[in-house]
Amino acid sequence: MDASGSTDAAQRIFAAIRAIPVGEVAGYGEVARRAGLPGRARLVARLLSTSLEPGLPWHRVCRSDGRIAFPQGSHGFDEQCARLRREGATVVGGRVVGRRARAATLDEALWGPPA
DNA sequence: CGCCTGACCACGT
DNA sequence: CACGTGGCCAGGC
């Protein structure tokens, strides 16, 4: 690792997460892809679980289907849910519902929808 | 050095 | 929509 204490991959992932617009959510895989690390979704998850950075909008990161990664009722779930709502998003049944989180399955529907 | 686990993802049934 | 399977990478034991 470098002198900053984190690997380049980690830095890119953090940058990708910070790049998520307020009120929107991105899947782990999508974040990894944007960070230039396709297929490293698990790396993103592990990063958030171990080396969370202060000021990082981790609450904007959820599963590919728009669901919060934590089990309903957990502290993490509650925290993420509250933060998302504060940003204007809506959470129902552990699912993030913005104007469109109705993605059938793919992240494409979540990030690249035709107006 | 090998095995198990994990804030995951996609596909097929 | 639920379940099972394979793949991916990194860390802990």
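Chain naming here is simple, since letters A, B, ... match the order of the sequence lines and numbering starts at 1 in each.
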Inset, instruction - Starting from P on C/dA10, measure out to OH on A/Tyr28 and report it in whole angstrom. - result: 18 Å
Inset, instruction - Let me know the distance between CZ of A/Arg40 and P of B/dG6, rounded to the nearest Å. - result: 21 Å
Legend entry - Residues forming a side-chain contact (heavy atoms from CB on, under 4.5 Å) with A/Ala35, sequence neighbours excluded: A/Arg12, A/Ile13, A/Ala16, A/Leu37
Legend entry - Residue pairs involving residues 14-23 of chain A (criterion salt bridge (charged side-chain N to carboxylate O under 4.0 Å, His left out); sequence neighbours excluded): none
Inset, instruction - Can you tell me the distance, in whole Å, between the CD1 atom of A/Ile17 and the P atom of B/dA7? - result: 15 Å
Inset, instruction - Figure out the CZ/C1' separation between A/Arg67 and B/dC8, and round it to whole Å. - result: 15 Å
Inset, instruction - Measure from CG on A/Asp78 to P on B/dA7 and round the result to the nearest Å. - result: 18 Å
Legend entry - DNA chain C contacts made by residues 42-51 of chain A, counting heavy atoms under 4.0 Å: A/Arg42, A/Leu43, A/Arg46
Inset, instruction - Check whether any side-chain nitrogen or oxygen of A/Ser64 sits under 4.0 Å from OP1 or OP2 of B/dA10, and answer yes or no. - result: yes
Legend entry - Pairwise C1' distance for B/dG6 and C/dG7, with rounding to whole Å: 14 Å
Inset, instruction - Give A/Gly76 one of three labels, base, sugar-phosphate or nothing, depending on what nucleic acid heavy atoms sit under 4.0 Å from its own. - result: nothing
Legend entry - C1' gap between C/dG12 and B/dC1, integer Å: 14 Å
Legend entry - Any side-chain heavy-atom pair of A/Tyr28 and A/Leu43 under 4.5 Å: no
Inset, instruction - Using Watson-Crick or G-U wobble pairs with both distances under 3.5 Å, give me DNA chain C in dot-bracket, 5' to 3', with [ ] for crossers and | for pairs to another strand. - result: .||||||.|||||
Inset, instruction - May I have all residue pairs that pass salt bridge (charged side-chain N to carboxylate O under 4.0 Å, His left out) and include part of residues 67-76 of chain A, sequence neighbours excluded? - result: none
Inset, instruction - For A/Arg40 and A/Pro38, indicate whether the former's side chain and the latter's backbone hold a donor-acceptor pair under 3.5 Å. - result: yes
Inset, instruction - Give the rounded distance in Å between these two atoms: CZ of A/Arg63 and P of B/dC8. - result: 5 Å
Legend entry - Qualifying salt bridge (charged side-chain N to carboxylate O under 4.0 Å, His left out) pairs, either residue in residues 80-93 of chain A, two or more places apart: A/Arg60-A/Glu87, A/Glu79-A/Arg83
Legend entry - Contacts of type side-chain contact (heavy atoms from CB on, under 4.5 Å), residue A/Arg46, not counting sequence neighbours: A/Ser49, A/Thr50
Legend entry - Length of the line joining A/Asp65:CG and C/dC3:P, which is rounded to integer Å: 14 Å
Inset, instruction - Say whether, by atom type as modelled, one donor and one acceptor occur between the side chain of A/Gln80 and the main chain of A/Val61 under 3.5 angstrom. - result: yes
Legend entry - Whole angstrom value for the distance that separates C1' of C/dA10 from CG of A/Asp8: 16 Å
Legend entry - Least distance between heavy atoms, A/Gly23 atom then A/Ala89 atom: O-CB, 4.0 Å
